[in-house]
K.L.:
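First, the structure itself, so that you have it in front of you.
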Amino acid sequence: MKKVMLFVSVFKLLFAQIDTVLVVDASSYNDWVYYSINQLSVVEIIDPENSVDWDLAFQRKHIKTNSGLAGSGNGGASVDSTTTWIEVWGNIDYIPENTFFTADTILNDFYDPITHLFGEGIKNPALNSWGWFDEDYHMNVNHYMFFVILANGEDIIKFWPTNYYDNNGAGGHIQFRIETGLNIESECDYGSGDINYDGNV
């Protein structure tokens with residue numbers, strides 16, 4: 001396993017500042033929809049585990065980053081469940097110090113509509129907390145404060161999943177807001193692509 005550690009005091013991001021709302025039809029229980037933040041569009045990926053041409057992937061409520069077991073990229077995600085984007089979205093244009101990013105791994109909450117059982121799947125554990133189903137099987141959004149590292153391991157975006165349903169009430173139509181062009185206000189030791197700060201990528 002290669003070891004890469006890059007310490008920076010200021011992020012120089014590839015993107016200009018963009019604040020926009022996007023929608024992805026991820027209603028399939030079987031197929032993932034891959035999304036490139038650089039292109040601001042869905043992309044067709046033949047071999048997602050070995051491609052860095054996607055940053056996020058969606059399937060129903062499940063969300064991947066291009067990291068860990070999901071892909072060869074240096075992505076990841078973080079969550080602050082003590083704060084909601086409803087409260088602070090317009091006030092945050094930087095990445096808070098000591099933000100911890102996690103890579104994608106195996107989780108056991110993938111629902112099979114045929115067997116009505118839950119099984120294993122790969123996704124990002126931080127982003128898994130974006131919403132929950134109540135006893136009426138309605139998806140409720142938490143609006144937690146998420147940041148996502150893109151596949152290049154350098155660019156970081158604000159990420160806010162805001163809705164699970166389309167205008168007809170069909171689930172799996174993920175609406176999310178992103179903002180690019182973030183900064184870090186003070187020095188920190190951030191390992192680009194070193195998700196767990198262990199010197200391994």
Side-chain angles (χ1 to χ4, degrees), residues 2 4-22 24 34-43 48 51-58 63-105 123-130 142-162 174-201:
K2 66 177 182 178
V4 176
M5 182 66 82
L6 174 64
F7 295 103
V8 296
S9 58
V10 177
F11 281 93
K12 182 177 180 182
L13 303 187
L14 297 179
F15 300 109
Q17 185 121 11
I18 297 171
D19 186 342
T20 188
V21 176
L22 306 162
V24 171
Y34 293 89
Y35 201 91
S36 166
I37 298 299
N38 186 36
Q39 299 181 40
L40 290 179
S41 68
V42 171
V43 288
S51 171
V52 293
D53 294 328
W54 63 275
D55 301 297
L56 291 162
F58 303 87
I63 305 176
K64 292 181 184 179
T65 65
N66 197 333
S67 68
L69 298 178
S72 58
N74 292 320
S78 73
V79 57
D80 180 350
S81 60
T82 67
T83 308
T84 70
W85 279 131
I86 294 173
E87 301 168 283
V88 300
W89 180 269
N91 300 323
I92 301 291
D93 61 359
Y94 59 92
I95 303 151
E97 287 189 86
N98 303 316
T99 299
F100 181 78
F101 294 89
T102 59
D104 287 39
T105 189
K123 59 179 171 176
N124 191 277
L127 298 180
N128 200 40
S129 62
W130 79 272
N142 287 321
H143 302 287
Y144 292 155
M145 199 165 96
F146 296 103
F147 291 92
V148 171
I149 308 179
L150 305 189
N152 62 17
E154 298 177 3
D155 296 295
I156 300 178
I157 62 170
K158 290 159 57 177
F159 179 70
W160 182 4
T162 56
I174 313 301
Q175 177 178 287
F176 60 100
R177 186 175 181 179
I178 65 165
E179 185 175 332
T180 64
L182 307 181
N183 298 303
I184 286 187
E185 290 192 327
S186 59
E187 287 195 10
C188 70
D189 290 341
Y190 171 77
S192 178
D194 184 22
I195 305 300
N196 299 314
Y197 305 103
D198 61 358
N200 297 317
V201 174

K.L.:
Tell me the closest heavy-atom pair linking Ala126 and Ala77, and the distance in Å.
P.N.:
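Smallest interatomic distance, heavy atoms only, reads CB-O, 3.7 Å.
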
K.L.:
Relative to the ring of Phe146, is the ring of Phe159 parallel (under 30°), tilted (30 to 60°) or perpendicular (over 60°)?
P.N.:
perpendicular

K.L.:
Using a 4.5 Å cut-off on heavy atoms from C-beta on, say whether the side chain of Ser72 contacts that of Val52.
P.N.:
yes

K.L.:
Are the side chain of Asn142 and the backbone N or O of Ser129 linked by a donor-acceptor pair below 3.5 Å?
P.N.:
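It does hold such a pair.
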
K.L.:
If you round to the nearest 0.5 Å, how far is CD1 of Ile156 from OG of Ser78?
P.N.:
8.0 Å

K.L.:
Do side-chain atoms of Asn66 reach the backbone of Trp54 as a donor and acceptor pair under 3.5 angstrom?
P.N.:
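A pair under 3.5 Å: yes.
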
K.L.:
Do the side chains of Leu150 and Ile157 get nearer than 4.5 Å, heavy atoms only?
P.N.:
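When only atoms from C-beta onward are counted, Leu150 and Ile157 do touch, with a gap below 4.5 Å.
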
K.L.:
Do Ile149 and Asn74 have side chains that get closer than 4.5 Å, going by heavy atoms?
P.N.:
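The answer is no; the side chains never approach within 4.5 Å.
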
K.L.:
For Thr180, run the side-chain contact (heavy atoms from CB on, under 4.5 Å) check against Ile18, Thr20, Leu40 and tell me which one passes.
P.N.:
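Between Thr180 and the candidates, side-chain contact (heavy atoms from CB on, under 4.5 Å) is satisfied uniquely by Ile18.
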
K.L.:
Taking the side chain as every heavy atom from C-beta outward, state whether Trp160 and Ile86 have any pair of such atoms under 4.5 Å apart.
P.N.:
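Yes, at least one pair of side-chain atoms sits under 4.5 Å.
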
K.L.:
So, Phe101 versus Phe147, ring centres under 6.0 angstrom or not?
P.N.:
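No, the ring centres sit 6.0 Å or more apart.
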
K.L.:
Is there a donor-acceptor pair under 3.5 Å between the side chain of Ser67 and the backbone N or O of Asp104?
P.N.:
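Confirmed, Ser67 side chain pairs with Asp104 backbone.
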
K.L.:
Indicate the atoms forming the closest heavy-atom contact of Met145 with Pro96, along with that distance.
P.N.:
CE-CG, 4.1 Å

K.L.:
Is any side-chain heavy atom of Trp85 less than 4.5 Å from a side-chain heavy atom of Arg177?
P.N.:
no

K.L.:
Which heavy atom in Glu87 sits nearest to a heavy atom in Asn91, and how many Å separate them?
P.N.:
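It is O-ND2, 4.0 Å.
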
K.L.:
Which heavy atom of Gln175 sits nearest a heavy atom of Val21, and at what distance?
P.N.:
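Looking at all heavy atoms of both residues, the shortest contact is CG-CG1, 3.5 Å.
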
K.L.:
For Asp55 and Ile37, indicate whether the former's side chain and the latter's backbone hold a donor-acceptor pair under 3.5 Å.
P.N.:
yes

K.L.:
Does the separation of the ring centres of Tyr35 and Phe176 fall below 6.0 angstrom?
P.N.:
yes

K.L.:
Minimum heavy-atom separation for Glu179 to Asp93, with atom names?
P.N.:
OE2-CB, 4.5 Å

K.L.:
For the residue pair Leu56 and Leu127, establish whether any side-chain heavy-atom pair is separated by less than 4.5 Å.
P.N.:
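Yes, at least one pair of side-chain atoms sits under 4.5 Å.
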
K.L.:
Run Leu22 and Val24 through side chain to side chain contact (heavy atoms under 4.5 Å, CB included) and show every step you take.
P.N.:
CA-CA 7 Å; Leu22 306 162; Val24 171; 5.7 Å; no

K.L.:
Would you say Lys64 and Tyr34 make side-chain contact, with heavy atoms under 4.5 Å?
P.N.:
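With C-beta onward as the side chain, the pair touches.
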
K.L.:
So does Thr102 get a backbone contact from the side chain of Asn124, meaning a donor-acceptor N/O pair under 3.5 Å?
P.N.:
yes

K.L.:
Can you confirm whether Lys123 sits close enough to Ile63 that some side-chain heavy atom of one is under 4.5 Å from a side-chain heavy atom of the other?
P.N.:
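Side-chain contact under 4.5 Å: no.
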
